[in-house]
Amino acid sequence: MSDLDLAEELRAAIGDFVRRARVHDEMPPGQAAVLGHLGRSGPLSIADLARLERVKHQSMARTVGLLADQGLVSPGRHEADRRQVVLTLTPSGSNALASARRSRAAGMARAIHGLDDTERELIRRLPELLRKLQP
């Protein structure tokens with residue numbers, strides 16, 4: 001199998017895995033992604049979030065509006081540029097993000113439980129290997 005064929009197999013398998021892992025998500029993927037960015041990076045502007053998610057500013061503004069309506073993010077002013085609005089994860093947003101992550105991890109843990117020792121060792125090494133493959 002060529003490197004290109006292997007890369008295509010891996011891409012397809014990861015895509016299938018992600019779709020199956022998200023089947024039981026309680027939050028739309030775009031909203032979950034915004035909470036994840038804010039959880040990892042701290043306060044960000046709508047423009048920053050739109051760039052990170054590769055969507056138009058208007059689309060991100062709608063997503064952020066939905067999250068704000070749910071009390072999951074809070075708008076505030078940028079410390080250096082008071083004209084700029086930045087979004088911060090609220091405690092409810094942090095709880096929702098943690099719950100979504102726990103739920104997804106629990107599903108994976110159930111699947112890992114059924115693997116043999118050799119397969120578990122491969123799974124243990126996957127995060128490091130996948131990080132090495134990031135372009």
Side-chain angles (χ1 to χ4, degrees):
M1 179 181 284
S2 73
D3 286 352
L4 185 57
D5 291 337
L6 179 58
E8 176 54 27
E9 274 295 308
L10 183 60
R11 185 208 56 76
I14 289 171
D16 291 343
F17 177 81
V18 168
R19 280 187 291 284
R20 283 191 213 114
R22 289 183 172 162
V23 166
H24 302 291
D25 283 358
E26 298 171 7
M27 183 181 304
Q31 292 180 27
V34 168
L35 295 183
H37 287 303
L38 295 174
R40 286 185 299 277
S41 301
L44 294 168
S45 70
I46 292 174
D48 291 335
L49 289 164
R51 272 192 297 280
L52 288 167
E53 285 299 299
R54 295 184 174 103
V55 299
K56 292 183 179 180
H57 189 278
Q58 297 87 335
S59 297
M60 185 54 67
R62 279 192 297 276
T63 299
V64 165
L66 292 169
L67 291 169
D69 290 346
Q70 297 171 66
L72 302 177
V73 299
S74 173
R77 293 288 170 202
H78 190 280
E79 290 181 16
D81 181 355
R82 304 299 289 165
R83 298 169 297 172
Q84 190 175 15
V85 174
V86 294
L87 299 146
T88 305
L89 203 56
T90 65
S92 293
S94 292
N95 290 340
L97 180 60
S99 175
R101 287 176 174 168
R102 278 192 308 273
S103 176
R104 198 176 288 164
M108 286 185 236
R110 286 189 295 276
I112 289 169
H113 183 73
L115 301 177
D116 64 33
D117 289 343
T118 302
E119 292 168 327
R120 282 173 180 246
E121 178 57 25
L122 286 170
I123 295 297
R124 187 193 64 71
R125 296 191 59 220
L126 270 178
E128 173 190 351
L129 293 172
L130 288 172
R131 286 184 185 101
K132 286 182 178 181
L133 293 177
Q134 292 177 9

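Just so it is clear, the values below take in all heavy atoms, side chains as well, and ignore hydrogens, waters and symmetry mates.
Hydrophobic clustering of Ile, Leu, Val, Met, Phe, Trp and Tyr side chains at less than 4.5 Å, counting indirect connections, keeps Leu126 apart from Leu10. A chain of hydrophobic side-chain contacts below 4.5 Å, direct or via other Ile, Leu, Val, Met, Phe, Trp or Tyr residues, connects Leu52 to Val55. When hydrophobic clusters are built by joining Ile, Leu, Val, Met, Phe, Trp and Tyr residues whose side-chain heavy atoms come closer than 4.5 Å, directly or via intermediates, Leu133 is grouped together with Ile14.
In this structure, CD on Glu9 lies 5.0 Å from CE on Met1, to the nearest 0.5 angstrom. A distance of 7.0 Å separates NE2 in His113 from CZ in Arg120, rounded to the nearest 0.5 Å. Going from atom CG of Leu35 over to atom CG of Asn95 covers 11.0 Å, rounded to the nearest 0.5 Å. We find the NE2-CZ distance between His57 and Arg62 to be 11.5 Å, quoted to the nearest 0.5 Å. For the atom pair CZ of Arg19 and CG of Asp16, the computed distance is 5.0 Å after rounding to the nearest 0.5 Å. Note that the OG atom of Ser59 and the CD atom of Glu53 stand 11.5 Å from one another [nearest 0.5 Å].
Screening Leu67, Thr88, Leu49 against Val73 for a side-chain contact (heavy atoms from CB on, under 4.5 Å) leaves a single residue, Leu67. With Leu87 as the partner, the side-chain contact (heavy atoms from CB on, under 4.5 Å) test is satisfied by one option alone out of Leu44, Leu72, Ile46: Ile46.
Taking 4.5 Å as the limit, every side-chain heavy atom of Met108 sits out of range of all side-chain heavy atoms of Ile123. For the pair Arg77 and Val86, the minimum side-chain heavy-atom distance is 4.5 Å or more. When side chains are defined from C-beta on, Arg22 does not count as touching Met27, because their heavy atoms never get closer than 4.5 Å. Side-chain contact between Val34 and Met60 is present, with heavy atoms from C-beta onward closer than 4.5 Å.
Gln84 and Ser45 get closest at one heavy-atom pair: NE2-CB, 3.4 Å. Considering all non-hydrogen atoms of both residues, Ser94 and Leu89 come closest at OG-CD2, 3.5 Å. The nearest pair of heavy atoms linking Gly71 to Ser92 is O-CB, 3.7 Å.
Residue Arg125 places its CZ atom among 12 or fewer non-hydrogen atoms of other residues, nucleotides or ligands, all under 6.0 Å distant. For Asp117, the CG atom is loosely surrounded, since the number of other residues' heavy atoms within 6.0 Å does not exceed 12.
Proximity of a side-chain donor or acceptor of Thr90 to a complementary backbone N or O of Ser74 within less than 3.5 Å is not detected. A distance-only check finds a donor-acceptor pair linking the side chain of Glu119 to the backbone of Asp116 [under 3.5 Å].
Glu121 and Arg124 are joined by a salt bridge, as a carboxylate oxygen and a charged side-chain nitrogen come within less than 4.0 angstrom of each other. Using a cutoff of 4.0 Å between basic side-chain nitrogens and carboxylate oxygens, Arg11 and Glu8 are scored as salt-bridged.
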